[in-house]
Structures are given as C-alpha cells and as structure tokens.
There are 2 protein chains.
Amino acid sequence: MTRAEENYIKTIFHLGGATSQLISTNAIAEEMETKPSSVTDMAKRLADKELVNYVKYQGVSLTVKGVKTALAIIRKHRLWEVFLVKKLDFTWDEVHEVAEQLEHIKSEKLIDQLDALLDFPKYDPHGDPIPSKTGEFKERDKQLLSELPVHAKGVCVGVKDTSSAFLRFLDKNKIALGHTITILDKEDFDDSLRIQIDGRELQISNQIATNLYVKKE
Amino acid sequence: MTRAEENYIKTIFHLGGATSQLISTNAIAEEMETKPSSVTDMAKRLADKELVNYVKYQGVSLTVKGVKTALAIIRKHRLWEVFLVKKLDFTWDEVHEVAEQLEHIKSEKLIDQLDALLDFPKYDPHGDPIPSKTGEFKERDKQLLSELPVHAKGVCVGVKDTSSAFLRFLDKNKIALGHTITILDKEDFDDSLRIQIDGRELQISNQIATNLYVKKE
DNA sequence: AAGTATTTTTAGATTTGTCTAAAATTTTAA
DNA sequence: TTAAAATTTTAGACAAATCTAAAAATACTT
C-alpha cells in the first residue's frame, strides 16, 4: 500500500463510511484538494486491488477489505494524536498535521505497544473513537449542543469542526472535553446560547453550538 | 526534501562523514542496494540543491548544508530508536527498520518534545552518539575489544555490526552496553578471547571481538 | 604506452501520481 | 424531451525515482 492509496482510502471512508453508497470522484477531489481526473485514475487502481467498488460515472465505495484498511489507518492516526497530546504536550489543534504523517508508519508492534503505553485509550483528543485492533468501532452516543433544549445539561464529548481556529477558540474560552454544560437560555433571533460551564456563564453563537458534541445527562 | 533524497544524504554521510573525500557512485549504489546509474541521477539533483559536491566520474561529498541535513536525520533516527527501546519495549535488534521510517517525519516540535520525553539521551541503543539540535556530534572515545591487551579492562559502549544476528547473539550471551569486560586470555591460533563479564567467564571469537566497542578503564 | 578491465555516465524506458484540455456521459431544466 | 449545464473520463504530458543496455571515461597491467 502506498501513501497516496492510503490517503484515498481514508478520504473515501471519511465521506461514505462503511456504507455502499457511491462517492463521486468530484467529492473526493474536493476533499483532497486534487483534480477529479486524478481521482478517476486512482479509483481504477484501488478497484484493481479490490479496495473499492468503482462504477464509471457513478463513483466509488469501499469494499470490506477497504473498510478494514481505512479503520487500521484511522486507528493509527488517532493513537498518534493521543500520544502527541498526552506524552509530548501538543495542543489538540497541533496534532493533526503530524498524525497525518505518523499514520503511514508500518509496524504492527509499534502500534500495539503505543496503544499499551497510552493505556488503551478509547477516544482521541477531539473525542472521536479509536477503532480496536480488530476494527471494532462504536460511534459514541452524542448530539450537537445546538440540539439540546433549554435547561438541559450535557457533558462535552467531542467537536465536529477540528480546525485550529475553532479549537483555539475553545481553549481560549476554557471549553474542554469532560466539562458539563447547562443551557441557560436560547436567543431566537440568532440562535445563540447562554450556557453555564465550570461555574462560569458564557454567550456562544450558533456556529459554536453546532460544532460541539455533548452527551445528554 | 523527498524521502529518497534524505536517504541518499544519510548514506553519503555514512560512507564519508563530513570530509571532502569523494564517495563513488558505485559505493553508494552498493550500500543502498540500487544501481550506479540511479545514483548518478540523484547526485546531479542533490548537486543542484547544493547538498553535495559532484565531480563527474569521481564521486560526491557533502556540502556544509548536506552535512547539516545528514546530522538532522541521524538525530531523528537515533532519538526514535531510544524511544522504541525505552518506551515501547523494542529490543535493540528491532528498532532499525521502524526508525528508518520515523526519521522522515517532519516536525521540529515533535523531535524537541521527544528529546525531552526521553530525558535528552546522549547515545542510542547501540551506543552511537545522538547529534544535538544544532548538529554537535562528538564521537565517543572507544576502541574495539579486539584491540585491548590481555588483562585489560573495558566498559562495553557500542557495537560496530548492528545486524539482528549479532545483536541477538549478544542478548543470548547477556552482553549489554555498560557491562565491564576483562580480557583473561588471548588465543593466538584463531584470535579468540577468554573474557570475564558480569562475574561469568566466556570464550568469544575474533569476529565478535572486532564488532564490540569498549572504553578502556 | 597500449589494450583490457572496471567504473561511471548517458539514453531511453517504466511506474506512480499528478496535471490540463478535450471528449463522453449524466443531470437539469425549459 | 431535447438543449444546456455539470460531472466524469480519456488522452497526452510531466516529474520523481528507478531500471537496463550501451557508450564514455578511468584505472590496471604487462
């Protein structure tokens, strides 16, 4: 498996998951910041290797083998993210770029031992679940903060947007995974929220609330 | 810098160090298990980037910039080796292959933090010195065990051959870095040695003795 | 010093992954 | 339902890194 192939597989999983829904070459090209014609070329190569089903003019979906491959890469990516934050004091907005490189390192022992060093973490620094060695992968029970009714309480368990800008905003406002958030009030006009977190009161925009995952209490 | 370029720079340093001695394309090809014609191509590319001096039909040597690059890669390689052994329980014969991959990861913060996590180690698991961030690099004062006279004492500080076969031999015979070795006797016929190590007596061949570095006491 | 052997380079081909521009197909919409 | 718009594929080109086979340069040897 080449690095490029791995990146395509990961992107296809990101866009379509394990479903058989066909993902267009255009969508993949957009996500990977490349051209549709390049995607077509790669789609054929991946189909030859039985990692994807490719239907001309329709798109691609991952085969069982492709899903397995994708989960292995995601497992590596997220374990490395945990390592960077827990052991090397990276902030959660710094990890992605380096993990993108580390995820391609080939060594089963390396990943198994890293998993052990980190105490077999279940979630990465953004709250996303880490697939097990065998590819088990349970999406956490969660919902967007914006979907909670007034007076409801939830524990912050993840972020949808993982951009540096958003993550740094959260750091600046001391909003971190594990914190309990209570919705004090909703503003109909702009859908902004008044929340309580960590004993503080905060006014947050709808854009923030639609990118924060919470687990209802 | 591409991965291939980095590997060439590393090999040239390995064969010629920081000297201006020209290394033949043949020697490089042999070391890298590739063809001399491929080395010629790369030599031109590296010369374009001012990483090597290339003299047609004579060979290449590293420029100052090339040496700096080589030391940065070696620093990364050796720090990762320490990490694998100290944190992930790799044995010293398992680290090379994985470190070959990890040494190409690009992130200054990653290496700085890794260095700190490992407590700023001075030597890698094979006893080779780790260049500092600024490229400082002092070869340890050492000599081959085979060069020691009878009754001399030395501390084991490194290995010349880093093959799995040799390293596993050392493990099996409980010869490790830091152990004190005393030469009890030399056999003229085959240059084998009778040594004392860790309270035990051991007969070792000349081939072993010419691949073990000690620091005379 | 000339001729052979060795080393090194050049020329041309291959693979991977990418691109642009043009052709083919599918979708949308009047 | 047919023309226009959008999407997707093909064709041809390019760069990196490699190879083989042949040519060129250097080194050895008598």
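Just so it is clear, the values below take in all heavy atoms, side chains as well, and ignore hydrogens, waters and symmetry mates. As the structure is a computational prediction, the values presented were derived from the model and not from experiment. A note on names: the letters A, B, ... follow the listed sequences, proteins ahead of strands, and every chain is numbered from 1.
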Hey, does the side chain of A/Ser38 come within less than 4.0 Å of C/dG17's phosphate (OP1/OP2), counting only N and O? no
Does OP1 or OP2 of C/dA21 have a side-chain N or O of A/Ser37 closer than 4.0 Å? no
For residues 115-127 of chain B, pull every pair meeting salt bridge (charged side-chain N to carboxylate O under 4.0 Å, His left out), keeping only residues two or more places apart or in separate chains. B/Arg75-B/Asp115, B/Arg78-B/Asp124
In whole angstrom, what separates A/Lys35's NZ from D/dT10's P? 19 Å
Is a donor from one side chain sitting under 3.5 angstrom from an acceptor on the other, for A/Asn206 and A/Ser192? no
Could you check whether B/Tyr8 and B/Phe13 have their ring centres less than 6.0 Å apart? no
Review item, nucleotides 15-17 of chain D N/O atoms under 3.5 Å of protein N/O:
residue : atom : partner : partner atom : Å
D/dA17  : OP1  : B/Thr2  : OG1          : 2.4

Could you list all N or O pairs between the protein and nucleotides 22-27 of chain C that sit under 3.5 Å apart?
residue : atom : partner : partner atom : Å
C/dT25  : O4'  : A/Tyr57 : OH           : 3.4

Between atom CD in A/Glu33 and atom C1' in C/dG17, what is the gap in whole Å? 17 Å
Under the salt bridge (charged side-chain N to carboxylate O under 4.0 Å, His left out) test, which residues partner B/Glu139, sequence neighbours left out? B/Lys142
Summary of ring pair (Phe, Tyr, Trp, His ring centres under 6.0 Å) pairs that have at least one residue in residues 109-134 of chain A, sequence neighbours excluded: none
By a strict heavy-atom criterion of less than 4.0 Å, which residues belonging to residues 17-31 of chain A are in contact with DNA chain C? none
